[in-house]
Each structure stands twice: as structure tokens, then as C-alpha cells.
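First the structure, in the form of C-alpha cells, and then the observations on it.
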There are 2 protein chains.
Amino acid sequence: MNNLISDPSLTLARTRLRGTGARVTPARVRVLAVLMEAGQPLSHHEVEQILSPAAELDRVTLYRVLDWLVQQRLAHRVAGSDRAWRFSVAGDQPSLEARGGLKAGGAKVMHERHAHFHCNDCGKVYCLDSIDAKALNVPVPIGYRPETLELTVKGYCAHCN
Amino acid sequence: MNNLISDPSLTLARTRLRGTGARVTPARVRVLAVLMEAGQPLSHHEVEQILSPAAELDRVTLYRVLDWLVQQRLAHRVAGSDRAWRFSVAGDQPSLEARGGLKAGGAKVMHERHAHFHCNDCGKVYCLDSIDAKALNVPVPIGYRPETLELTVKGYCAHCN
DNA sequence: CCATCAATTGCAACCCAGTTGCAATTGATG
DNA sequence: CATCAATTGCAACTGGGTTGCAATTGATGG
Ligand SMILES: [Mn+2]
Ligand SMILES: [Mn+2]
Ligand SMILES: [Zn+2]
Ligand SMILES: [Zn+2]
């Protein structure tokens with residue numbers, strides 16, 4: 001059973017989850033493992049598809065697990081052009097210590113350092129890790145306080161081109 | 001009646017609409033006039049609010065008029081962070097003649113030359129016209145064909161800061 | 001002016017991503 | 001192994017947007 005998620009991924013997922021100090025539940029383990037095996041950000045629906053051959057996971061629980069993973073900074077979330085969120089496992093980025101101008105503690109520190117590619121045909125989202133969006137210097141009008149930056153390229157992916 | 005839309009705007013809207021060769025209907029005139037008077041991209045809901053004191057406009061008709069304006073290139077559409085589209089009147093941008101690599105005729109030529117600012121508090125979207133997003137040279141992996149580029153700054157607007 | 005008719009509109013029903021309230025279940029702890 | 005807060009499942013709901021279809025109407029040209 002669970003032939004779509006490899007055992008090493010499940011084990012690694014469990015380890016990372018233990019690191020949060022919160023409960024290590026099967027739902028969290030399986031969802032995190034799926035994200036770890038995916039090479040790209042997955043939508044709620046896509047995760048559901050991958051999960052379903054094994055035991056079903058309630059839609060709402062999946063939504064909650066995904067949000068929780070983002071809160072715990074184990075995953076990050078990017079808006080797809082189809083108005084559905086995509087989730088991908090957080091890379092081994094540095095701890096993203098507060099950069100100038102951020103108000104709260106670690107709450108909503110800039111998480112998106114790189115750009116994304118959205119395929120207009122298949123809808124998939126790819127991370128363009130080579131691009132450091134943060135390096136861009138985008139001037140905003142006086143009185144505006146920028147916090148995060150999103151750079152999205154839309155077009156056709158290698159598979160749909 | 002219609003005290004929220006100025007007559008000059010209505011007249012200008014009618015003129016622009018006549019230029020399309022398609023029917024000049026009250027719905028189209030009023031919606032385009034609203035967009036022309038707004039200094040920023042408006043959501044479907046925001047347009048509805050501005051319109052309602054005068055005669056109501058059916059939700060579906062409003063959706064269709066907005067989409068139609070975008071097709072006619074009289075407006076452009078930007079995704080808000082709240083997963084609602086925002087619409088703004090198309091500026092007097094040059095005709096955006098085909099740039100290298102575009103396939104079809106005038107169908108989906110790059111429309112977004114500038115960046116946008118999304119307020120995390122009030123949700124409003126502002127155009128950062130001074131930024132030419134197209135000038136950015138974003139490298140994509142081989143096999144990927146980029147078409148449009150979106151640059152979004154999120155933070156707090158002058159009013160919410 | 002008026003008849004004509006395709007384009008446009010209004011209405012009702014629907015879709016889909018995501019959220020909320022609450023009772024039942026369960027992971028961690030001692 | 002009892003305890004209990006955290007987590008889950010279920011049902012109902014929200015909000016933005018879409019679809020099908022019958023009724024209305026802007027432009028045309030006679
Ligand atoms: Mn990414
Ligand atoms: Mn704009
Ligand atoms: Zn694709
Ligand atoms: Zn604001």
C-alpha cells in the first residue's frame with residue numbers, strides 16, 4: 001500500500017515533523033512526503049490525487065495540513081494563475097532572519113526569494129530557483145511599505161511547448 | 001441620477017466603445033466609465049458597488065462586460081492576491097506590436113508592461129507605472145517559452161501603512 | 001420611421017477552491 | 001494505560017466566477 005510515496009520520503013518527513021515539536025500525524029507525514037517527492041509546487045487537488053490510491057484524506061484535513069505546513073515553514077505557498085494555491089516543500093534556505101523593515105517576529109518574513117514559471121497550457125507551476133527576486137530593486141511610491149516581491153513568468157513549459 | 005460617474009467620462013467611454021465597431025450598450029458605457037474614473041484596478045465587486053446607486057447591473061452581465069473589455073483591449077486584468085480579478089482601463093500604450101517569439105496575431109500579446117502593488121491590508125491593487133517589467137531579463141530553462149511577465153510587490157499602501 | 005435579427009442581457013442554476021462549527025478521534029505525556 | 005489538548009471528519013457554507021437559455025435591444029437598411 002501507499003505505493004506512490006517512497007519509504008525514505010516518509011521517514012524524512014517524520015523527522016522534519018518531529019522537529020516542529022507538534023504532533024506527528026499520518027496525514028502530516030504523508031502530505032509532507034508527497035511534497036518532498038514532487039519536483040514542483042502542487043495544488044490541493046494534485047496532492048489529493050497522489051494520496052488517494054492509498055487511504056483517502058478528508059479535503060478539509062488536507063487544506064488544514066497544507067496551511068499548517070506553511071505556518072511551520074516546512075512548505076511554502078504560491079498562487080497559481082488558475083486561482084488555486086500551490087504548495088512546495090521549503091528548501092534548505094537559510095533561516096531567513098529578519099531583514100530590515102519587517103515588523104513582527106518571524107511571522108511573515110519574506111519567503112519567496114525566487115521567481116515562478118506558470119504554464120498557460122497545463123497549469124503547472126515551476127520554481128525558477130536561479131532567479132533571486134529579492135535582488136530586484138523595485139521602487140514604490142512614498143508612503144508605501146513593500147514586504148514581499150513576486151515575479152512570475154507565464155508561458156509554455158517544456159512539456160507543452 | 002448616476003451621480004457617481006461624470007458625464008465627460010461617459011462620453012469618452014462611448015467614443016472609445018464606438019471605436020470597437022461593436023454595440024455601444026449602457027452596460028458597457030457605464031462600466032468603462034467607472035474604470036476610467038478609478039485611479040486603480042477595481043474588482044468585480046468594487047465596480048458593482050460604484051454602479052449600484054444608479055441602476056443595478058446584473059452580476060453576470062458585469063462579468064461579461066469586464067471580460068469583453070479585456071478582449072477588446074480597452075481594459076486589462078490583473079489577479080489580486082485575494083483570488084479576485086481586478087480590472088483597469090487600458091492606458092494609451094503603443095499598439096504593442098508583435099515582439100519576437102509571439103505566435104498568434106494580436107491575440108494574447110504581452111499586456112503587462114508594469115508592476116503592481118498589492119496592499120496586504122485593504123486588498124487594493126495599484127499600478128506601478130514607472131516600472132517596466134518587460135525590461136527585466138528573466139532566464140527560463142531550455143524548452144520553456146516565456147510569454148508574459150508579472151511583477152508584484154506586496155506590502156502596505158500609503159493609506160494602510 | 002420601422003422591421004429585422006444577431007448581439008447582448010437577465011435570471012436561475014451551477015462549479016470549484018476554500019472556510020467554519022462541532023462532535024468524534026487520537027498522539028503524546030506522565 | 002488514563003488523560004486531554006490537538007487533530008480529524010463531516011456537513012454546511014461562502015464567494016468568485018461560469019453556463020444555458022429565453023427575453024430584450026442596438027444597429028442596419030428599406
Ligand atoms: Mn517556489
Ligand atoms: Mn496595471
Ligand atoms: Zn505545461
Ligand atoms: Zn491598503
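In what follows, every heavy atom counts, from backbone to side chain, and hydrogens, waters and symmetry copies are set aside.
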Return the value, rounded to whole Å, for the distance between atom [atom1] of [X] and atom [atom2] of [N].
X: L66(A); N: dG18(C); atom1: CG; atom2: P; value: 9 Å
X: R86(B); N: dG17(D); atom1: CZ; atom2: C1'; value: 15 Å
X: R30(A); N: dT7(D); atom1: CZ; atom2: P; value: 17 Å
X: L62(B); N: dG10(C); atom1: CG; atom2: C1'; value: 13 Å
X: H45(B); N: dG15(D); atom1: NE2; atom2: P; value: 9 Å
X: Q49(B); N: dG15(D); atom1: CD; atom2: P; value: 13 Å
X: D58(A); N: dA17(C); atom1: CG; atom2: P; value: 15 Å
X: R18(A); N: dA6(D); atom1: CZ; atom2: C1'; value: 18 Å

Point to revise | H44(A) vs G21(A), nearer the 5' end of DNA chain C by closest nucleotide | key: H44(A)

Point to revise | Earlier contact from the 5' end, DNA chain C, for W68(B) and V24(A) | key: W68(B)

Look at the side chain of [X] and decide which nucleotide, out of [options], has an atom nearest to it.
X: A84(A); options: dT9(C), dA17(C), dG16(D); result: dA17(C)
X: D67(B); options: dT8(C), dG9(D), dT18(D); result: dT18(D)
X: Y63(A); options: dT8(D), dG18(C), dG26(D); result: dG18(C)

Using only side-chain N and O atoms of [X], determine if any of them is under 4.0 Å from OP1 or OP2 of [N].
X: R59(B); N: dG17(D); answer: no
X: T25(A); N: dA6(D); answer: no
X: R23(A); N: dT26(C); answer: no
X: W85(B); N: dG16(D); answer: no

Check your understanding: Closer to the 5' end of DNA chain D via nearest nucleotide, is it F87(B) or R64(A)?
Key -> R64(A)

Check your understanding: Under 3.5 Å, is there a donor-acceptor pair linking the side chains of T152(A) and H116(A)?
Key -> no

Review point. Side chains of S6(A) and E37(A): do they bring a donor and an acceptor to under 3.5 Å?
Key: yes

Exercise for review: Give D82(A) one of three labels, base, sugar-phosphate or nothing, depending on what nucleic acid heavy atoms sit under 4.0 Å from its own.
Suggested key: nothing

Check your understanding: Contact class for T61(B) (heavy atom, under 4.0 Å): base, sugar-phosphate, or nothing?
Key -> base

When both hydrogen-bonding distances must be under 3.5 Å and the geometry is Watson-Crick or G-U wobble, what is [N] paired with, if anything?
N: dA6(D); answer: dT25(C)
N: dG30(C); answer: dC1(D)
N: dC13(D); answer: dG18(C)

Exercise for review: Check whether the ring centres of F117(B) and Y144(A) lie less than 6.0 Å apart, and answer yes or no.
Suggested key: yes

Check your understanding: When the ring centroid of H76(B) is compared with that of F87(B), is the distance short of 6.0 Å?
Key -> no

Exercise for review: Please state whether the base of dG27(C) and the side chain of R28(A) form at least one donor-acceptor pair under 3.5 Å?
Suggested key: no

Point to revise | Electrostatic pair K124(B):E46(B) at N-O distance under 4.0 angstrom | key: no

**Study point:** Ion pair check, E150(A) and K154(B), cut-off under 4.0 Å
**Key:** yes

